[in-house]
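These notes are about the structure you will find just below.
Fair warning: this is a prediction, and the values are worked out from it, not measured in the lab. Atoms considered below: every heavy atom in the structure, side chains included; atoms not considered: hydrogens, waters and symmetry mates. Atoms within each ligand, like the ligands themselves, are counted from 1 in listed order. By convention here, the first residue in the shown sequence is residue 1.
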Amino acid sequence: MKVTVVGAGSVGASCAEYIAIKNFASEVVIVDIKENFAEGKAMDLMQTASLNGFDTKITGSTKDYSKTANSDIAVITSGVPRKPGMTREELIGINADIVKEVSANIIKHSPDVTIIVVSNPMDTMTYLVHQTTGLPKNKIIGMGGALDSARFKYRLAEALEAPISDVDGMVIGGHSDKGMVPLTRMATRNSVLASEFLSEERLQQVAEDTKVGGATLTKMLGTSAWYAPGAAVSGLVQAIACDQKKMFPCSALLNGEYDLEGLCIGVPVILGKDGIEKIVEIELNDAEKKKMQESAEAVKKTNGLLEN
Ligand SMILES: NC(=O)c1ccc[n+]([C@@H]2O[C@H](COP(=O)([O-])OP(=O)(O)OC[C@H]3O[C@@H](n4cnc5c(N)ncnc54)[C@H](O)[C@@H]3O)[C@@H](O)[C@H]2O)c1
Ligand SMILES: O=C(O)C[C@H](O)C(=O)O
């Protein structure tokens with residue numbers, strides 16, 4: 001199993017590290033445009049192999065995509081992150097060209113690859129990869145919901161004063177400060193609805209804290225987060241590489257599911273060796289459906305900017 005990670009920055013390096021530590025891939029190739037940067041990150045990570053006990057071979061490459069040939073999975077993290085006060089959508093002007101160029105380079109050397117898009121604004125960048133590559137729709141996956149759901153669980157556990165392993169919850173919708181739809185109604189602690197323990201007001205606070213999870217960290221760090229994003233990507237890569245048939249909320253191209261079409265947005269999917277093997281349609285109530293519609297409208301508006 002060969003995995004390419006494009007972008008050796010914060011998220012790319014973090015995801016390469018988690019993939020290696022989980023020890024399921026034979027090879028990880030990291031690519032960047034900065035001279036020797038990916039090679040340096042790869043060497044540093046390889047020097048953790050004996051300490052962390054993994055056999056994954058990690059190599060780096062400056063712009064040379066021939067080294068990525070025959071990758072099974074490629075992760076696109078190349079592009080600029082936001083600074084405090086910015087939205088993810090403001091990154092489209094720089095990141096769209098980068099994602100377009102990078103995905104073409106990946107496919108040239110790995111025509112059967114499955115691509116995981118991370119660069120922001122992620123739902124629109126995922127849509128762009130669909131529009132420009134011609135890969136089958138099951139092979140293009142946007143990562144956002146897995147991260148947002150991890151943040152939701154963190155906030156739920158905090159509110160419930162419970163260990164995180166006790167709680168479950170999912171975030172669907174667009175990966176944006178306003179567009180996320182944390183499914184508070186379905187959140188649980190050991191199969192008991194979280195609403196049995198928390199007031200509606202407290203649950204709404206959990207949802208609001210979740211939605212601004214990325215912005216909160218960006219304000220604290222001066223740039224956007226990388227540990228949880230890297231771990232979330234590694235979870236998606238492992239589910240595909242190991243044919244796990246796990247359910248994650250991912251940005252998928254919709255064709256009528258959830259009464260939406262012609263865009264990529266976060267919905268629950270089953271991930272296995274064929275990438276998105278199924279889009280799972282769960283029954284939403286009227287309020288949740290309305291939030292999904294509003295979120296989709298916002299994503300479509302950002303997609304419209306691609307034409308410029
Ligand atoms: N979807 C998510 O949940 C999620 C989570 C975190 C970050 N992100 C996004 O991921 C992206 C990367 O974030 P980061 O913190 O790693 O940024 P970073 O600046 O640390 O790293 C980005 C790297 O991309 C490289 N790069 C730029 N253009 C390139 C090109 N054409 N080819 C190859 N490499 C290129 C840069 O040299 C840099 O090393 C940002 O757009 C950020 O918003 C998304
Ligand atoms: O917040 C960001 O801009 C990066 C990423 O999308 C995140 O949610 O951490």
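The option with the heavy atom closest to atom 4 (C) of ligand 2, from among Ser224, Gly214, Ala232, is Ser224.
Ligand 2 lies within reach of Arg151, whose nearest heavy atom is under 4.0 Å from it. Residue contacts with ligand 1 include Leu147, since one or more of its heavy atoms lies under 4.0 Å from the ligand. Using a 4.0 Å heavy-atom cutoff, Trp226 is absent from the residues neighbouring ligand 1.
Counting heavy atoms from C-beta outward, Leu183 and Leu284 have side chains that approach closer than 4.5 Å.
Remark: ligand 1 atoms within the under-4.0 Å shell around heavy atoms of Met122 are 1 (N). With ligand atoms numbered from 1 in the order given, ligand 1 contributes 39 (O) to contacts under 4.0 Å with heavy atoms of Phe37. Numbered from 1 in the order shown, with element, the atoms of ligand 2 that lie under 4.0 Å from a heavy atom of Arg82 read 1 (O), 2 (C), 3 (O). Remark: ligand 2 atoms within the under-4.0 Å shell around heavy atoms of Leu147 are 7 (C), 8 (O), 9 (O). Close approach of ligand 1 to Asn120 is summarised as follows: ligand atoms under 4.0 Å from at least one heavy atom of the residue are 4 (C), 8 (N), 9 (C), 41 (O), 42 (C), 43 (O), 44 (C). Of all atoms in ligand 1, listed by their number and element, those nearer than 4.0 Å to a heavy atom of Asn95 are 41 (O).
Linking ILVMFWY side-chain heavy atoms closer than 4.5 Å, directly or via other members, places Val167 and Phe152 in a single hydrophobic cluster.
Residue contacts with ligand 2, taken as heavy atom pairs separated by less than 4.0 Å, do not involve Asp148 at all. Heavy atoms of Ile33 found under 4.0 angstrom from ligand 1 belong to the backbone as well as the side chain. Here Met143 has heavy atoms under 4.0 Å from ligand 1 in both its backbone and its side chain. By the criterion of a heavy-atom distance under 4.0 Å, neither the backbone nor the side chain of Thr223 is placed next to ligand 1. Contact annotation: for Ala225 versus ligand 1, heavy atoms closer than 4.0 Å belong to the backbone alone.
For the side-chain hydrogen bond (donor to acceptor under 3.5 Å, both in side chains) with Gln204, the lone residue among Glu201, Glu200, Glu208 that qualifies is Glu200. Tested against Lys290, the residues Gln293, Glu294, Glu288 include a single side-chain hydrogen bond (donor to acceptor under 3.5 Å, both in side chains) partner, Glu294.
Across every non-hydrogen atom of Leu147 and Ala228, the tightest pair is CD1-CB, 3.5 Å.
Of all protein heavy atoms, the one closest to atom 5 (C) of ligand 1 is Pro229 CB, 3.5 Å.
At least one N or O atom of His175, backbone or side chain, sits closer than 3.5 Å to an N or O atom of ligand 2.
Within the structure, every pair that satisfies the salt bridge (charged side-chain N to carboxylate O under 4.0 Å, His left out) test and touches residues 71-87, not counting sequence neighbours, is listed here: Arg82-Asp177.
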